[in-house]
Structure formats: structure tokens, C-alpha cells
**Student:** 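Below you will find the structure I want to go over with you.
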There are 2 protein chains.
Amino acid sequence: MNVKIKDVAREANVSVATVSRVLNNIPLVNDETKKRVQDAIDRTGYKPNAIARSLKMQRTNTFGIMIPDITQAYYTQVVRGVEDVCNIYDYNIILCNTDSDPIKEHTYLNVFLEKQCDGILFIGKSLSEDLILAITNSRVPIVLGALSDSEERVPSVSINNDEAAYDITKYLIDNGHKKIGFLTDEDEISYVGIERKKGYIRALESVGIEVNNDYELKGKYTIKGGYDLMDKMLKLKDRPTAVVALNDEMALGAIRKAEDVGLKVPEDMSVIGFNNFSISEWVKPTITTVAQPMYDIGAISARMLIKTINNKQDENKSIFVPHEIIIRDSVKNIE
Amino acid sequence: MNVKIKDVAREANVSVATVSRVLNNIPLVNDETKKRVQDAIDRTGYKPNAIARSLKMQRTNTFGIMIPDITQAYYTQVVRGVEDVCNIYDYNIILCNTDSDPIKEHTYLNVFLEKQCDGILFIGKSLSEDLILAITNSRVPIVLGALSDSEERVPSVSINNDEAAYDITKYLIDNGHKKIGFLTDEDEISYVGIERKKGYIRALESVGIEVNNDYELKGKYTIKGGYDLMDKMLKLKDRPTAVVALNDEMALGAIRKAEDVGLKVPEDMSVIGFNNFSISEWVKPTITTVAQPMYDIGAISARMLIKTINNKQDENKSIFVPHEIIIRDSVKNIE
DNA sequence: CTGAAAGCGCTTACAG
DNA sequence: CTGAAAGCGCTTACAG
């Protein structure tokens, strides 16, 4: 077994209380005995048992973080932002991939609760009513990242997805496009998808373009997904001149499909993406997209959570971080 | 405060010992009282405190995992493999990004030790002598993923990097290339980089090609890194006809640079990558590369670690998983 | 089949 | 300034 506090106490000829005090930098320890303890610690190679400490302190310094799938570039950056600030404030993260599966979400929530996580970060596209109830009931501090709760029951940090979709659709309209396709998620009730659709429709209606339901196609959030969707899109009798895809991977797939059937992008078909995936400036054509500050979303979420825990201030509201249209080569002005 | 075992004991009119027994499915409990306890649990919404349990059981069911940077696509898949099998066996992972920084590595090791992780997964390119000593001293079970220890002190799962580099260099040679550049890591002592260089040189020497030191260029493992390195490569008086990059991101950057100066890939310059990044089949030209089973590396590592913990069998050796050359469009036969 | 009690490794009032 | 003791929430021999 490892050395424990009792062992160093014996070694230093003091009580465990004293050892604990020097460990935790509690000031009222005599300098000389402090040194003796310190020596004993060094000599024995003692490392405090954080589990025992957590049990006593009712605080684990660990957060649970749920994301749909770490394999997706987007989430990767958010997680990195989270972990970096956690590291600064001495927190660690338990990482879980939910695949947006409600079963897994509930299971992991329970794990976080049982493992006494000090807080939870939920990153994703959508938060079910069920889960939010379970979370608020449990009374763990939580922050949502990359999405928000429309009813503001829990704090969140994300872009304004409605606005972002509006802006980008408007950008297409300003470039003369009137027939604009919309490549979205299979998951009908995805919060982010819904918000984005709102913005898309709002933009169309703002200039009196009628919404064509054939132009909304649902598929996977992957390159292949975009590829397949563009295939369908191109089979429409009255095909759009531009398409907005809900992430850059889809946009890339859509571009490739268009090219595969002999169209040129953007000459014959404009495509716009979402998220500013790191690859988007390196493919040909480079992809016009709307950037989210993904790292910041993670970092701010974590910071918010830490603040909540330390100050008991649950006066946190949703905060929107700015998005930005990155103009590159995949959109043509057809006016 | 939350409800604890004592509360459900009172509620069910039994001792905490009995509650604990039904919680842990220990068979010798009367069916009727088991039901009473179960009801009390349901009624109170009791959730066991895993921290308390861990303290008693000396086992946390959590692993620490260190990776250089979750933001890199390669590691993402490894982590997903790890998490998926951990989930099956009821483990969770504490995820840490080290940036391959020795300070962070040591800090995180201590965190894992203090938080009583049952085991550690170390994923990366290189493991310093220092760290391996600290790890073996601590006696935590560990498995290395994506790299291995040349002295076999700790178990690992990875491809045979030497072989992989040999194979891919040989492939270039078989396609008539004699002047072959090598785009590698800045980190001189990276285990993976060293192994790969060995294979590269071995392939050259196997056909009597003299190694040209100018052809080895060190830079960042990113698209931009590859871009910059190709720039240097092209300024060589006697430039190579082909280049092997140590990941696909570098390969992509190298391709873009070549194109930017008016060369065609692969007609004027062949480029080959590593890892089979998901984008590589979607860019133009598609990138010839050597695939590693990254998900499997993660999954197998985790499985190995779990086995070690449960069977006390530290008879684990390094295992090599197969790599595979994926032939696409970025290499030209110039014979 | 069930309960009382010790103990996992810490922290912290309380007393001196 | 320091120590003895209680307690965090569990599990599990031991006794009955």
C-alpha cells in the first residue's frame, strides 16, 4: 500500500492533524515543525489521497462533460477550451461521448452524480426535456455549451444560432441567390437545428422569398452526409443555386458531389458551411462559412461553472458569443 | 444534502449493511426485505456515493488518460475507442491534454495518482525516461497507446512505426522515386519520429539509395507545418520527386504549397501521408497514406488495462496492430 | 438472513 | 501552536 498521512505523522513525530495543516497550507503551524513535516513528506514520497479528501470535503474538483462525439472536430476544440481552464483552476474532467443518445445521457448523468462531480458541462446540439428535468432536480451546477435552453432554466454559452443562420442566408441572398437549399440534421428536434432553420427562414422571408420545403434536406453531419444530400438536391427539378450546410464537413461533401456530376463550385453551385472547420481554408474551393469561437465556448463554459461553484452565484444567464462570416471561395455572386 | 444509505436504511427499517447488500446484489438477502429496500431506494431517489465507495474499496473505476492534444484528429479516434470500451466495463476517463510538455505530464501523473485512478493510458508520440520512471515507481497499471517503450518495461499497443515507414518509403521507391523527402517532427527525440525515420532510412538503404540529410525537414504536425516545410523543400537545389509526411495534415499542407508555386501533385511532386485522416479521401488530389487502426488502438489499450487490473496479470507485452497503405492519387509512378 | 462495528484516509472544530 | 477525536458515506468480516 501507499504511504498515508498517518505514516508521515509518525515519521515527523507529529499528529496527523499537523500534517494535514502543512499539506493544506494552514498558517498556524510552527516553522520548525512545518519543516520537519515537509521533510517527512519528501522522504516518504507521500501523496495525499484525493478520494479521502473529497469524501470529507464534499468536493471532488472534477467536472463531468458530455459531448455527442469527440471524434467530431467541432467538439474537440470546445473540450480543449474546457480542459485548459479546468487545468488552471485545478479541476479535471471526466469525458463522456453520448452520441446524443438519451439513454447514454441519463446513464452518464447518474455516473456524474454518483461520482460526486462538482459540476456538469453539457455540450451538444440538443438537450431533452427529460434530461434537463433530471439535471435540475439533482441540483448539480450545470452549464450548457454550444446550445442553450430556450426557457433559460440553465446557464449556457453559445453563438446565437438563429442570427448566424440568418446572416449567412442573407449573405447568399445579397449575392443574388433566391433558391437556397438547406442541409440539416436528421434529428428533427435538435435545438441548434431548429434555431438555425428559424434564421434561414427569417432571412428568406425578409426579402419575400417563399420557403420551398423541397429545399430542406436532412442527413448526417458528415462529409458523406453532405455528399448524399447534395445528390438528392441535384435531382430536384428546380434545383437551388446555393446551399447552406449545417457544418463544414457537410459543405465539403456537398461540394464534392456537385463536382462529381460535373458542376463547378462556386460557378454552378454555391455552398456555404458552418463552424469554420480547420480544413475549410485548405480545400479547393476554400469554403465560405460562419465561424464559431469554439475554444472560447468551452473555456467560458468552464469558467462560468467554476464561478458558480465557488460563489454560489446561480445568477448566470445564457451568454451569446459572437459568430463571424468567413468569406472564401465557395460562393459566387450571381447578380 | 442528498439522501444517503442511512436514510434509506431508516426508511426501509433495516440496517445500512442490508441496504448495502441489496445495492451490491449480494445474494444472501431475503426476497421480501430486498423488495422493501428497493422500494425505499426508489422512494427516496437514493444514489450511492461513489467517492465513499471508492475510499472503502480502494478502487475508483476511473482511468486517467493523457494525450498531447485532443484537437488533433488522430487522438480523437483513439480516445473514442478508449471511452467506448471503458463505458462497457463501467470505467470512466479523466482526460488531460499534455501538449507533450514534460511539466504537464508530471503534473497530470500526480493528479491521477492522487485521485486514485485505477490505471493510466498514455497516448502520444514519446514517453520520456523521467516519466516512465515516475510511473513504474508509482506502480499504477499503465498502457501506452500509439507508441511503445523500446525497453518493453510497460505494455503498449501501436502499429510498428518502423515497418510502416519502411513500407511507405518502399512504395515510393517501387514507383520509381529515388529522391524522397521526409517531413518530420520538431521534437527530436519523439519515439514515433525516430522509429519512422529508421524505417525510411532502411527502405532507402535496402535499394542502395544514399540518404540525403537535406531531405529531412522538421516542423509542425499541422497543415501549415507541412505547407512551410514544402516551401523549404522546394528551395533545395536538387529537390526530391516525392515526399513522405508524418501525418496527413502535413501532407495536405505540402500539397497545397506545391500547387501554390505552380507544381501539380502528383505529376510534378508525389506526396504521401500518415494516419489516413478522414479528410484525405475528400481533398484533391486524394492522399495516399498509411492507415493506423486508431480506434482499435484506443479500444485495445483500454481492454488491456482493464484486464491487467482485474487479473493482476502484468504479463502484458507490447502488441502491434497492423497498418495498411491506402493507395490514392497523390503519388505518381515515374518509372 | 441480518445487524453492530470497524475502518478506508482524510479534515477540522474543540480543547489545551 | 498542537493533538485527540469525530465524521464524511460507504463495505464487510464477525457474531448471532
Side-chain angles (χ1 to χ4, degrees), chain A residues 1-38 40-41 44-62 90 110-118 138, chain B residues 1-38 40-41 44-62 90 110-118 138:
Chain A
M1 212 34 235
N2 280 325
V3 17
K4 24 202 134 149
I5 201 172
K6 202 196 291 189
D7 301 320
V8 356
R10 189 185 322 113
E11 185 79 12
N13 247 300
V14 295
S15 71
V16 297
T18 302
V19 177
S20 174
R21 286 190 189 102
V22 347
L23 244 26
N24 295 294
N25 265 310
I26 294 171
L28 27 102
V29 183
N30 180 311
D31 274 357
E32 194 258 330
T33 103
K34 181 187 233 160
K35 186 181 175 324
R36 220 165 62 237
V37 172
Q38 203 51 261
I41 289 172
T44 55
Y46 170 71
K47 285 190 180 46
N49 180 326
I51 296 295
R53 182 163 209 278
S54 289
L55 179 59
K56 180 65 190 175
M57 304 289 274
Q58 308 280 41
R59 163 192 251 279
T60 54
N61 274 52
T62 110
D90 263 325
N110 275 330
V111 169
F112 293 163
L113 261 19
E114 296 190 356
K115 291 201 170 172
Q116 313 298 115
C117 289
D118 295 337
S138 77
Chain B
M1 211 37 235
N2 280 324
V3 17
K4 24 205 132 146
I5 200 171
K6 202 196 290 189
D7 302 319
V8 354
R10 189 185 322 112
E11 185 79 12
N13 248 301
V14 295
S15 73
V16 297
T18 302
V19 177
S20 173
R21 286 190 190 102
V22 347
L23 244 26
N24 294 295
N25 265 310
I26 293 172
L28 27 100
V29 183
N30 180 310
D31 275 356
E32 194 258 330
T33 104
K34 180 186 234 161
K35 186 179 175 329
R36 219 163 65 235
V37 172
Q38 203 52 260
I41 290 172
T44 54
Y46 170 71
K47 284 188 181 45
N49 180 326
I51 296 297
R53 182 164 209 277
S54 288
L55 178 58
K56 180 64 190 178
M57 302 290 273
Q58 307 279 44
R59 161 192 253 278
T60 54
N61 273 52
T62 109
D90 262 325
N110 275 330
V111 170
F112 293 163
L113 260 20
E114 296 190 354
K115 291 202 171 173
Q116 312 298 116
C117 289
D118 295 337
S138 77

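Throughout, a chain's letter reflects where its sequence line sits, starting with A, and its residues are numbered from 1. Predicted, not measured: the structure shown is a model, and the values here were computed from it.
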**Student:** May I have the distance from Lys34(B) (atom NZ) to dT2(C) (atom P), rounded to whole angstrom?
**Tutor:**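 That distance rounds to 10 Å.
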**Student:** Would Asn24(A) and Arg53(A) count as having a side-chain donor-acceptor pair, cut-off 3.5 Å?
**Tutor:**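 Short answer, yes.
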**Student:** Could you work out the separation of dG9(D) and dA13(D) based on their P atoms and round it to a whole Å?
**Tutor:**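 Going atom to atom, P in each nucleotide, I get 23 Å.
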**Student:** Quick one: pull up CE in Met57(A) and CG in Asp118(A) and give me the separation to the nearest 0.5 Å.
**Tutor:**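 Met57(A) CE to Asp118(A) CG: 11.0 Å, rounded to 0.5 Å.
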**Student:** Over all strands shown, is Thr33(A) touching base, sugar-phosphate only, or nothing at heavy-atom distances under 4.0 angstrom?
**Tutor:**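 The answer is sugar-phosphate, as Thr33(A) gets under 4.0 Å only of primed atoms, P, OP1 or OP2.
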**Student:** Between atom CG in Asn49(B) and atom P in dG9(C), what is the gap in whole Å?
**Tutor:**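 After rounding, the reported distance stands at 17 Å.
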**Student:** Tell me the interatomic distance from Lys6(A), atom NZ, to dC10(C), atom C1', rounded to whole angstroms.
**Tutor:**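 Whole-Å distance recorded here is 12 Å.
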**Student:** Using a 4.5 Å cut-off on heavy atoms from C-beta on, say whether the side chain of Lys115(B) contacts that of Thr62(B).
**Tutor:**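 A side-chain contact is absent here, since even the closest heavy-atom pair is not under 4.5 Å.
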**Student:** I'd like the P distance from dA5(D) over to dC1(D), given in whole Å.
**Tutor:**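 That atom pair is separated by 24 Å.
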**Student:** Determine whether Asp7(B) and Lys4(B) satisfy the following criterion, salt bridge (Lys or Arg N to Asp or Glu O under 4.0 Å), listing intermediate values before the conclusion.
**Tutor:** CA-CA 5 Å; Asp7(B) 302 319; Lys4(B) 24 205 132 146; 5.5 Å; no
**Student:** Atom CZ of Arg10(B) and atom P of dT2(C): how far apart are they, to the nearest Å?
**Tutor:**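 Answer to the nearest Å: 20 Å.
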**Student:** Which heavy atom of Leu23(B) sits nearest a heavy atom of Tyr46(B), and at what distance?
**Tutor:**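 Here Leu23(B) and Tyr46(B) meet closest at CD2-CE2, 3.5 Å.
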**Student:** On a heavy-atom basis, which atom in Arg59(B) and which in Ser54(B) lie closest, and how many Å separate them?
**Tutor:**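 It is O-OG, 3.1 Å.
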**Student:** What's the CD-P distance between Gln116(B) and dC8(C), to the nearest Å?
**Tutor:**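 One finds 14 Å between P of dC8(C) and CD of Gln116(B), rounded.
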**Student:** Within the structure provided, determine whether Asn49(B) and Asn2(B) are in side-chain contact (heavy-atom separation under 4.5 Å).
**Tutor:**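 Answer no - side chains too far apart.
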**Student:** How many whole angstroms separate atom CG of Leu55(B) from atom C1' of dC10(D)?
**Tutor:**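 Whole-Å distance recorded here is 8 Å.
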**Student:** Within this structure, what is the CD1-to-C1' distance between Ile51(A) and dC10(D), rounded to whole angstrom?
**Tutor:**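 Result: 13 Å.
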**Student:** For dA4(C), give the paired nucleotide (Watson-Crick: N1-N3 plus N6-O4 or O6-N4; G-U: N1-O2 and O6-N3; both under 3.5 Å), or none.
**Tutor:**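 Pairing partner, where one exists within any strand: none, as none qualifies.
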**Student:** List the protein contact pattern of nucleotides 11-16 of chain D with one symbol per nucleotide (5' to 3'): B for base contact, S for sugar-phosphate-only contact, - for none; contact means a heavy-atom distance under 4.0 Å.
**Tutor:** BBB---
**Student:** Can you tell me how far P in dA6(C) sits from the matching atom in dT2(C), rounded to whole Å?
**Tutor:**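 It works out to 23 Å between them.
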**Student:** OP1 or OP2 of dG9(C) sitting under 4.0 Å from any side-chain N/O of Gln58(B)?
**Tutor:**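 Affirmative; the distance criterion is met.
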**Student:** Separation of Leu113(B) atom CG from dG9(C) atom C1', in whole Å?
**Tutor:**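 It works out to 16 Å between those atoms.
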